[in-house]
Amino acid sequence: MTQETSLLAFPPDESGGEAWLRYPRLCAADASALQALCTVNACPGAEAALSELDRALAGWGLPPRTDGDGLSLSLDPALPEEGFCISRPSPQQVRLAGGSPRGLLYGMFHLLRCVNCGLPLEGASAPAVPLRMINHWDNLVCDPVHGSIERVKGGDTIFDWTDLARPNPRYEEYARLLASVGLNATCLNNVNAEPEILSTDMIRGLAALASVFRPWGLRIFISVNFATPVLLGELDTADPLDARVQDWWRNKADEIYAAIPDFGGFVVKADSEGKPGPGTYGRNHVEGSACLARALAPHGGTLFWRTFVYGRNLADKLPDPKARADRANHATHEFMGLDGQFEENVILQIKCSAIDFQIWEPVHALFGKLSNTRMCVEFALTKEYSGLDVHMNWEGPYVSEILRSPLVAGRMDAVTAVANLNNSRNGFGHLLHGASLYTHGRLAWRPDADPRAVLDEYTVQMFGPEAGPAVSEMMADSYDTVASYTMPMGMTYISEFLHHFEPDPWANHDGAGITADGIGVDRTAATGSGYIGLYPPELAGRFEDPATCPLRCLLYFHHLPWTHSLPGGETLIQSLYDSYCGGVETVRGYRRQWRALHGQIDLERWAHVCEKLALKERHAERWRDLVCRFLEEISGIKDAQGRFDAPSVHNRVRSGYRQAFEDYRARVERERGVMRRKPI
Ligand code: GCU
């Protein structure tokens with residue numbers, strides 16, 4: 001065979017930009033179902049659903065749809081508003097009913113997914129959670145440290161913030177993608193919000209975007225800065241109890257709703273990481289949120305008030321300095337006493353865990369402390385602290401565990417996640433990280449769904465029925481694998497502090513509770529910071545005892561000596577060494593698994609993942625070598641197999657990033673000094 005003919009055997013190249021909405025030619029499809037989908041009678045309101053059907057028919061190589069009785073689309077007010085029901089009165093007929101045009105749209109995506117995956121078409125479904133959302137951390141102005149999106153690498157913001165109204169075909173593709181997994185809300189800008197998002201120009205642009213998103217059932221939210229009235233130079237205070245401030249927010253909400261009648265509302269990060277908030281004016285979160293919530297309420301808007309606060313003056317609530325020193329305690333103590341006092345349209349947006357998106361970090365205790373407050377759980381698809389766009393990392397098992405936790409299950413008004421979408425060729429930076437968005441949407445819709453089944457749907461749609469299962473096999477435990485070579489057993493925070501990507505244990509090990517005598521943070525009720533005591537008794541009991549505490553969060557809750565004996569008989573330190581080494585071996589296995597798919601997947605997507613996995617292996621080795629050498633140094637206990645005796649290509653990082661940050665700050669200050677001396 002000549003090289004030319006062998007290359008022709010590859011499936012045609014794909015950029016990955018369509019993600020799972022590919023609609024490839026189907027080999028083993030149900031022929032009568034496909035035939036049914038070509039002749040359609042549809043009710044009004046089915047336009048978006050029909051346009052998706054048209055795309056699918058074209059992709060599958062079928063003739064364009066004609067009028068007929070194969071597929072009928074109708075509205076059924078007896079169904080839940082976003083729900084749908086699909087039946088098959090005969091092999092040649094498919095009936096899709098929706099509770100509303102949105103229900104029809106979700107039903108259509110379901111139908112097409114079932115055809116693509118070879119699953120039975122019949123069934124009914126409705127979302128378990130009313131608001132299913134993503135939060136972009138996109139900056140209006142590119143940030144010198146984080147770029148155009150905070151915590152996202154591998155691509156820039158997809159939104160043209162200089163002119164949001166400028167038409168861009170990518171916006172509709174974006175809305176389709178979110179709708180296809182049942183997401184119905186998007187917050188477009190960074191929680192560290194710039195005040196200009198509320199300028200009149202920006203509102204005009206948001207209105208243009210809203211009209212592109214509307215047919216796809218997607219409502220817009222924006223993050224706002226609590227001090228906007230001051231920062232835009234319109235008032236001299238943002239005190240929520242000041243009548244001028246209340247008027248300001250009311251007028252702003254009226255202006256927005258005049259332009260965007262179905263505007264979703266605001267997301268607010270207040271009194272957090274240096275951001276202004278009610279605390280700036282001696283007010284609490286109830287008073288602060290009420291001011292904005294009352295402005296939105298007449299229009300049916302929702303206020304997401306984030307609870308990610310720490311490091312504030314909590315001396316009255318947490319008199320014990322040991323408890324106060326543990327950031328995990330802060331948000332729970334700040335908010336639990338306010339239960340039941342928030343306005344009806346306020347939803348507290350609570351990170352899934354108490355510190356900050358640490359790998360396998362246990363569910364946030366605050367969920368269990370609120371019974372009369374509406375809540376939203378916030379995840380991160382961005383893989384902050386867990387490999388960004390370099391390390392293949394599917395967090396489905398973790399997300400599922402949090403959603404099924406008794407503190408969260410059935411109690412959420414909304415589920416959200418920090419979005420990992422960007423303007424890279426495949427939309428995510430790492431092609432396989434589309435799996436995170438896919439899983440987020442599907443689990444927000446049905447939090448008790450089996451995450452592995454969701455992954456299988458994704459991989460079959462991405463790579464077809466032959467290669468799909470092998471890709472699932474490779475990705476299924478990837479979250480555990482990242483944990484094993486970065487922060488195993490509930491270790492936290494040993495990455496550099498600027499980008500949270502490189503290992504930097506020499507500079508950052510306090511958060512992991514690493515001392516000469518042992519490792520882990522004592523959060524027990526008996527001797528530690530008391531965080532465990534904030535959980536309901538059943539969970540607290542399990543976490544409090546190292547013997548019953550799950551291994552994957554052992555060091556999150558307990559400070560243990562290096563020689564502590566684990567259930568398998570190994571010492572803690574030796575099992576950490578083994579974990580790091582085992583993790584690297586698993587990554588090597590992933591590379592072999594992926595290489596075996598050569599020829600089954602188009603060359604462009606295959607080569608992209610190959611390259612990403614090679615980078616992952618190198619970086620996993622780096623984590624292993626740096627952290628294990630650090631652990632040997634600080635514990636004085638060598639790996640039993642002497643695996644770190646030979647020199648490593650990886651140098652110590654030793655606060656390299658901190659130094660870079662200081663250099664940058666010094667430079668800015670120098671330049672400002674020069675500027676100041678210039679005559680005006
Ligand atoms: C983390 C993250 C920040 C982000 C913050 C938040 O601290 O590193 O970039 O702004 O969370 O969620 O508000």
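The basis for the numbers below is simple: all heavy atoms, side chains too, and nothing from hydrogens, waters or symmetry mates. In this chain, numbering begins with 1 at the start of the sequence shown. Indexing begins at 1, ligand by ligand and atom by atom, following the structure's order. Since the structure is predicted, the reported quantities are computational estimates derived from the model, not experimental observations.
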Practice item. Taking the six-membered ring for Trp and the full ring for Phe, Tyr or His, determine whether the centres of W506 and F630 are under 6.0 Å apart. Key: yes

Review point. Looking at the rings of F543 and F557, which for Trp means the six-membered one, are their centres under 6.0 Å apart?
Key: yes

Exercise for review: State yes or no: are the ring centers of Y485 and H391 separated by less than 6.0 Å?
Suggested key: yes

Review point. What part of K351, side chain, backbone, both or neither, has a heavy atom within less than 4.0 angstrom of ligand 1?
Key: side chain

Exercise for review: May I ask you to check whether Y310 has an N/O atom sitting below 3.5 Å from an N/O atom of ligand 1?
Suggested key: no

Study note, to complete from the structure: If we number the atoms of ligand 1 from 1 as shown, the ones under 4.0 Å from a heavy atom of V191 are 13 (O)

Study note, to complete from the structure: With heavy atoms and a 4.0 Å threshold, my read on which part of N192 contacts ligand 1 is side chain

Review point. According to the interplanar angle, ranging from 0 to 90°, do the rings of Y174 and F213 count as parallel (below 30°), tilted (30 to 60°) or perpendicular (above 60°)?
Key: tilted

Practice item. For R306 and ligand 1, answer yes if some heavy atom of the residue is under 4.0 Å from a ligand atom, otherwise no. Key: yes

Practice item. Quick one: sort the F263 and F266 rings into parallel, tilted or perpendicular, breaks at 30° and 60°. Key: perpendicular

Check your understanding: Do S272 and ligand 1 have an N or O pair less than 3.5 Å apart?
Key -> no

Check your understanding: Would one find an N or O of E378, backbone or side chain, under 3.5 Å from an N or O of ligand 1?
Key -> no

Point to revise | Part of D356 with heavy atoms under 4.0 Å of ligand 1, whether side chain, backbone, both or neither | key: side chain

Check your understanding: Is it true that W360 and Y398 have ring centroids separated by less than 6.0 Å?
Key -> yes

Exercise for review: Could you list which atoms of ligand 1 come closer than 4.0 Å to a heavy atom of E384?
Suggested key: 1 (C), 2 (C), 8 (O)

Exercise for review: Please state whether F357 comes within less than 4.0 angstrom of ligand 1, counting heavy atoms only.
Suggested key: no

Review point. F357 vs W137 aromatic rings, parallel, tilted or perpendicular, using cut-offs 30° and 60°?
Key: tilted

Check your understanding: Nearest to atom 13 (O) of ligand 1, what protein heavy atom do you find, and at what distance?
Key -> K269 NZ, 2.6 Å

Review point. Under 4.0 Å from any heavy atom of E150, which atoms of ligand 1 are there?
Key: 3 (C), 4 (C), 9 (O), 10 (O)

Check your understanding: So, do Y385 and F501 have ring centers that fall under 6.0 Å from each other?
Key -> no

Practice item. Go through ligand 1 atom by atom and flag the ones less than 4.0 Å from a non-hydrogen atom of F308. Key: 5 (C), 6 (C), 7 (O), 11 (O), 12 (O), 13 (O)

Exercise for review: Could you list all the salt bridge (charged side-chain N to carboxylate O under 4.0 Å, His left out) pairs where at least one residue sits in residues 271-283, not counting sequence neighbours?
Suggested key: D239-R283, K269-E273, D271-R312

Review point. Of all the non-hydrogen atoms in the protein, which one sits nearest to atom 5 (C) of ligand 1, and at what distance?
Key: E273 OE1, 3.3 Å

